[in-house]
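Notes follow once the structure below has been shown.
Counting begins at 1 with the first residue of the sequence. These figures come from a predicted structure and were not determined experimentally.
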Amino acid sequence: MSIQYSDVAYTAVATAENGRDGRVATNDGQLDVVVNPPKELGGSGAGTNPEQLFAAGYSACFQGALGVVAKNVNADISGSTVTAEVGIGKNDEGFGLIVKISAVIPNVDATTAKDLIEKAHEVCPYSKATRGNITVELAV
């Protein structure tokens, strides 16, 4: 279910110049980076790229969602990490993305870890936004 503009608690604002081969900055100055296509896509690879920025955002958001679901079941996720791998490649419509989310949760058993990441995938806003649009694989 979509939220309404009246429900928005925070809005991030970023502006790009020159697309994938330029600069991206937020309106508050907290992020200001050079973006360049990676060498694998024919670019210089000198700066970051949109896929790295998406991976960073998705992994941070997913870690937050993991914390919410862990708290609900009193699971200890201290020392845990979440890694997002965002791939880009050609598809029938030009290019598409694929994501693999991996979590390391050292203080729970494998079954609990799997359950926690599946529940986190249900509540994470990035997961909700990508659901049905791109392949997202979960791994522990």
Side-chain angles (χ1 to χ4, degrees):
M1 173 186 277
S2 298
I3 66 171
Q4 304 299 312
Y5 281 106
S6 60
D7 298 322
V8 172
Y10 168 75
T11 300
V13 179
T15 302
E17 299 171 2
N18 297 322
R20 295 180 66 86
D21 204 2
R23 178 178 161 261
V24 176
T26 56
N27 66 326
D28 62 4
Q30 293 297 312
L31 179 71
D32 190 340
V33 296
V34 172
V35 290
N36 300 114
K39 290 180 181 179
E40 296 84 351
L41 294 179
S44 69
T48 190
N49 60 66
E51 292 71 37
Q52 289 174 326
L53 295 170
F54 186 66
Y58 202 162
S59 62
C61 187
F62 200 94
Q63 179 77 42
L66 184 63
V68 169
V69 299
K71 183 177 180 182
N72 289 340
V73 296
N74 292 324
D76 179 7
I77 64 159
S78 59
S80 66
T81 60
V82 172
T83 301
E85 298 175 43
V86 176
I88 184 170
K90 291 186 177 186
N91 64 14
D92 293 340
E93 291 122 21
F95 282 86
L97 299 176
I98 189 167
V99 175
K100 180 178 180 182
I101 299 288
S102 303
V104 175
I105 312 171
N107 296 321
V108 300
D109 61 60
T111 301
T112 302
K114 185 176 185 300
D115 185 53
L116 288 171
I117 67 163
E118 287 173 356
K119 287 178 180 172
H121 188 50
E122 292 301 314
V123 301
C124 173
Y126 275 63
S127 292
K128 288 179 183 181
T130 59
R131 190 166 290 120
N133 299 311
I134 66 172
T135 298
V136 178
E137 177 186 336
L138 304 176
V140 289

Quiz item: Short question: side chain of R131, backbone of V136 - any donor-acceptor pair under 3.5 Å?
Solution: no
Practice problem: Would you give the length of the straight line joining atom CG of N36 to atom CG of L41, rounded to the nearest 0.5 angstrom? | Solution: 12.0 Å
Quiz item: If you round to the nearest 0.5 Å, how far is CD1 of I88 from CD1 of I98?
Solution: 12.0 Å
Quiz item: What is the distance from atom CG of D7 to atom OG of S2, rounded to the nearest 0.5 Å?
Solution: 10.5 Å
Quiz item: Is the backbone N or O of G45 less than 3.5 Å from a side-chain atom of N49, with the two atoms forming a donor-acceptor pair by type?
Solution: no
Self-check item: Distance, nearest 0.5 Å, that separates OH of Y58 from CG of L97
Solution: 11.0 Å
Exercise. Taking all non-hydrogen atoms of both residues into account, name the closest pair between I101 and V82 and its distance.
Key: CG2-CG1, 3.9 Å
Quiz item: Within the distance-only criterion (no hydrogens, no angle test), does the side chain of N18 pair as donor or acceptor with the backbone N or O of D21 below 3.5 angstrom?
Solution: no
Practice problem: Spell out, as yes or no, whether a donor-acceptor pair under 3.5 Å connects the side chain of E85 to the backbone of K100. | Solution: no
Self-check item: Main-chain N/O of S78 paired to N107 side chain as donor or acceptor, under 3.5 Å
Solution: yes
Practice problem: Report the C-alpha separation of Q30 and T26 in whole Å, then their side-chain angles, then the decisive distance to 0.1 Å, and conclude whether the side chain to side chain donor-acceptor pair (under 3.5 Å) test is met. | Solution: CA-CA 6 Å; Q30 293 297 312; T26 56; over 6 Å; no
Quiz item: Quick one: OG1 on T112 to CD1 on I77, what's the gap to the nearest 0.5 Å?
Solution: 13.0 Å
Quiz item: Under a 4.5 Å cut-off applied to non-hydrogen side-chain atoms, are V69 and V123 in contact?
Solution: yes
Quiz item: Could you state the interatomic distance from CG (L138) to CZ (F62), rounded to the nearest 0.5 Å?
Solution: 5.5 Å
